[in-house]
> 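The structure is given below, and queries will be raised subsequently.
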Amino acid sequence: MNTVELIARIQFYSDRTKSPRFNDTDHYLPALNVAQNTILNDRYYNIKKKTGYSFETVQRLRDELRSLVRYNIPILVVSNAISLPNDYMFELMMNITIDGTSRASKSVSYNEINSLSKNSFQEPSIEYPVHFESDGGINFLFGDTGTPSTANLTYLRKPATIFKDSSVIVAGVGVLTIGNTYYVNVGPVTSDSITYATGDTFVATSADMTGGGDVTYIVNSDLPDILHEELAKVAASVLQGTVNDYPGSAFAEKQAAKS
């Protein structure tokens with residue numbers, strides 16, 4: 001669903017006739033973005049749990065996050081640390097190249113850092129590097145020798161902020177921004193020799209638009225279509241003040257119980 005369709009689904013689930021105070025800018029869009037992050041956190045932490053989920057369940061959760069995965073991104077190591085990308089949200093996998101050899105690096109907590117140095121069998125080395133996050137990025141520990149060059153980070157990126165402009169762009173009058181996505185409020189409109197009807201969405205490849213209608217700039221959710229119905233339901237829960245009761249975290253457990 002596009003952003004306009006998601007808002008319509010929220011209105012359906014929240015019973016719009018009894019909730020006339022809700023509007024796009026102050027209510028529906030913030031609720032959608034809260035819901036998007038709620039679902040993303042739920043899926044990510046369910047994958048990391050060691051709860052004996054069936055393969056089918058875990059694979060489904062990974063499929064639902066695939067559109068947000070950035071794979072094997074090289075980052076220069078400076079002073080045994082790397083800066084995190086601006087769109088970084090959760091780490092999935094880390095490798096660091098030391099003396100020309102790439103090694104898998106293990107993420108450790110702050111409490112583990114102290115215990116590692118006290119146990120010679122767990123102490124970080126070139127063969128078994130570890131890393132931890134700080135306010136400056138990610139720091140690596142691998143003993144007293146070795147020269148690191150690059151790290152390769154696979155991570156879950158932040159989803160785009162769902163958005164719908166409050167203004168409209170009238171065909172023949174307004175100018176489109178190339179690369180932006182537009183929803184046709186009233187059609188037909190024609191852009192770059194392609195005609196769009198009411199309810200269509202398109203990515204502008206030309207600044208010009210003709211016809212007898214108007215469009216609105218939108219940013220759609222990055223989550224896959226399979227999650228959009230759930231996204232609308234969670235957003236409706238946010239609007240109704242029941243987001244704390246959201247049962248999404250029980251999804252994988254229910255699926256595992258069936259297998």
> Would you say Ser109's side chain and Glu112's backbone share a donor-acceptor pair under 3.5 angstrom?
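Side chain of Ser109 to backbone of Glu112, a donor-acceptor pair under 3.5 Å: yes, one is there.
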> Do Ser191 and Ser206 have side-chain atoms, one donor and one acceptor, less than 3.5 Å apart?
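Ser191 vs Ser206: no donor-acceptor pair found between side chains.
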> Got a second to check how far Ile218's CD1 is from Ile162's CD1, nearest 0.5 Å?
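The distance works out to 10.5 Å.
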> Please work out whether the ring planes of Tyr44 and Phe90 are parallel, tilted or perpendicular, with thresholds of 30° and 60°.
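Ring orientation, 0 to 90° scale: parallel.
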> Please check if the side chain of Ser221 supplies one atom and the backbone of Leu223 the other of a donor-acceptor pair under 3.5 Å.
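A pair under 3.5 Å: yes.
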> Can you name the residues that form a side-chain contact (heavy atoms from CB on, under 4.5 Å) with Ser102, not counting sequence neighbours?
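In terms of side-chain contact (heavy atoms from CB on, under 4.5 Å), with neighbours along the sequence ignored, Ser102 is linked to Asn95, Thr97.
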> Does anything in residues 197-225 pair up under salt bridge (Lys or Arg N to Asp or Glu O under 4.0 Å), and if so which pairs, sequence neighbours excluded?
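Listed by first then second residue: Arg157-Asp222.
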> When you check the side-chain N and O atoms of Thr216 and Asn185, is any donor under 3.5 Å from an acceptor?
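Yes - a donor-acceptor pair under 3.5 Å links their side chains.
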> Do the rings of Phe140 and His131 sit parallel, tilted or perpendicular, given the 30° and 60° boundaries?
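Phe140 vs His131 ring planes: tilted.
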> Between Tyr183 and Tyr196, is the gap from one ring center to the other below 6.0 Å?
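No.
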> Do Ile39 and Leu227 have side chains that get closer than 4.5 Å, going by heavy atoms?
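Sidechains of Leu227 and Ile39: in contact.
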> Does a donor on one side chain sit under 3.5 Å from an acceptor on the other, for Tyr110 and Glu133?
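Tyr110 vs Glu133: no donor-acceptor pair found between side chains.
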> Pairing donors with acceptors under 3.5 angstrom, does anything connect the side chains of Thr201 and Asn2?
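No donor-acceptor contact under 3.5 Å links the two side chains.
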> Would you call Glu230 and Arg9 a salt bridge, taking side-chain N to carboxylate O under 4.0 Å as the test?
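Salt bridge between Glu230 and Arg9, a charged N being under 4.0 Å from a carboxylate O: no.
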